[in-house]
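These numbers were taken from a predicted model, which means no experiment stands behind them. In this chain, numbering begins with 1 at the start of the sequence shown.
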Amino acid sequence: MKKKIFFWCMFLIVGWCFAFNVQAEDVVQVVTENWSPYNFEEKGVVKGSSTETVRKVLEKANIKHTIKVYPWARSYKMALEQKN
């Protein structure tokens, strides 16, 4: 059940990124929580199966992005309140 909810949330976040008109100079800030093996930080690099999926989609769409790991509550609040 947690996996289904997690993947649904990831797809919603990616879809939400594409729902807005992202200009070429804008950088989309992707935030996620530490939930291995889906998202985790290793030696300063965000890795994981879900992270790689999001990274590939954004790269294929030529969208500049950063991916950061934060506690879930902070990631959720940032996604709701901050631009890109």
Side-chain angles (χ1 to χ4, degrees):
M1 183 66 175
K2 281 187 178 183
K3 287 182 184 179
K4 287 182 182 180
I5 292 171
F6 173 74
F7 286 117
W8 178 248
C9 289
M10 288 301 292
F11 286 116
L12 285 176
I13 290 171
V14 171
W16 180 73
C17 290
F18 292 115
F20 296 96
N21 183 15
V22 179
Q23 297 176 353
E25 67 274 0
D26 286 342
V27 176
V28 173
Q29 183 178 353
V30 179
V31 292
T32 187
E33 66 178 319
N34 186 16
W35 191 22
S36 187
Y38 307 107
N39 320 301
F40 60 94
E41 193 169 7
E42 183 177 88
K43 297 181 182 178
V45 178
V46 183
K47 298 182 178 183
S49 57
S50 295
T51 302
E52 292 309 314
T53 301
V54 170
R55 184 176 281 125
K56 287 177 185 177
V57 168
L58 292 172
E59 286 174 358
K60 188 168 185 166
N62 293 321
I63 296 175
K64 295 178 184 178
H65 62 280
T66 61
I67 302 176
K68 303 273 185 171
V69 175
Y70 296 108
W72 183 88
R74 186 180 312 167
S75 294
Y76 184 70
K77 184 175 180 177
M78 288 173 72
L80 289 175
E81 296 177 354
Q82 294 182 11
K83 179 181 176 186
N84 290 336

Within this structure, what is the [atom1]-[atom2] distance for the pair [X] and [Y], rounded to the nearest 0.5 Å?
{"X": "K60", "Y": "N62", "atom1": "NZ", "atom2": "CG", "value": "10.5 Å"}
{"X": "N39", "Y": "T51", "atom1": "CG", "atom2": "OG1", "value": "4.0 Å"}
{"X": "R74", "Y": "E33", "atom1": "CZ", "atom2": "CD", "value": "13.0 Å"}

Would you list the pairs meeting salt bridge (Lys or Arg N to Asp or Glu O under 4.0 Å) in which at least one residue belongs to residues 43-54, sequence neighbours left out?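 Qualifying pairs: E42-K47, E52-R55.
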Taken in chain and number order and not counting sequence neighbours, the residues that satisfy side chain to side chain contact (heavy atoms under 4.5 Å, CB included) with Y76 are W72, L80
- Task: List the atom of L58, the atom of V30, and the distance in Å for their closest heavy-atom pair.
- Result: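 Smallest heavy-atom distance, with atoms named: CD1-CG2, 3.6 Å.
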What one should report as the nearest heavy-atom pair of H65 and I63 is ND1-O, 3.0 Å
- prompt: Quick one: are M78 and Q29 in side-chain contact, heavy atoms under 4.5 Å?
  reply: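 With C-beta onward as the side chain, the pair touches.
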- Identify, with sequence neighbours excluded, every residue that meets ring pair (Phe, Tyr, Trp, His ring centres under 6.0 Å) alongside F40.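 Partners of F40 by the ring pair (Phe, Tyr, Trp, His ring centres under 6.0 Å) criterion come out as none, since no residue qualifies.
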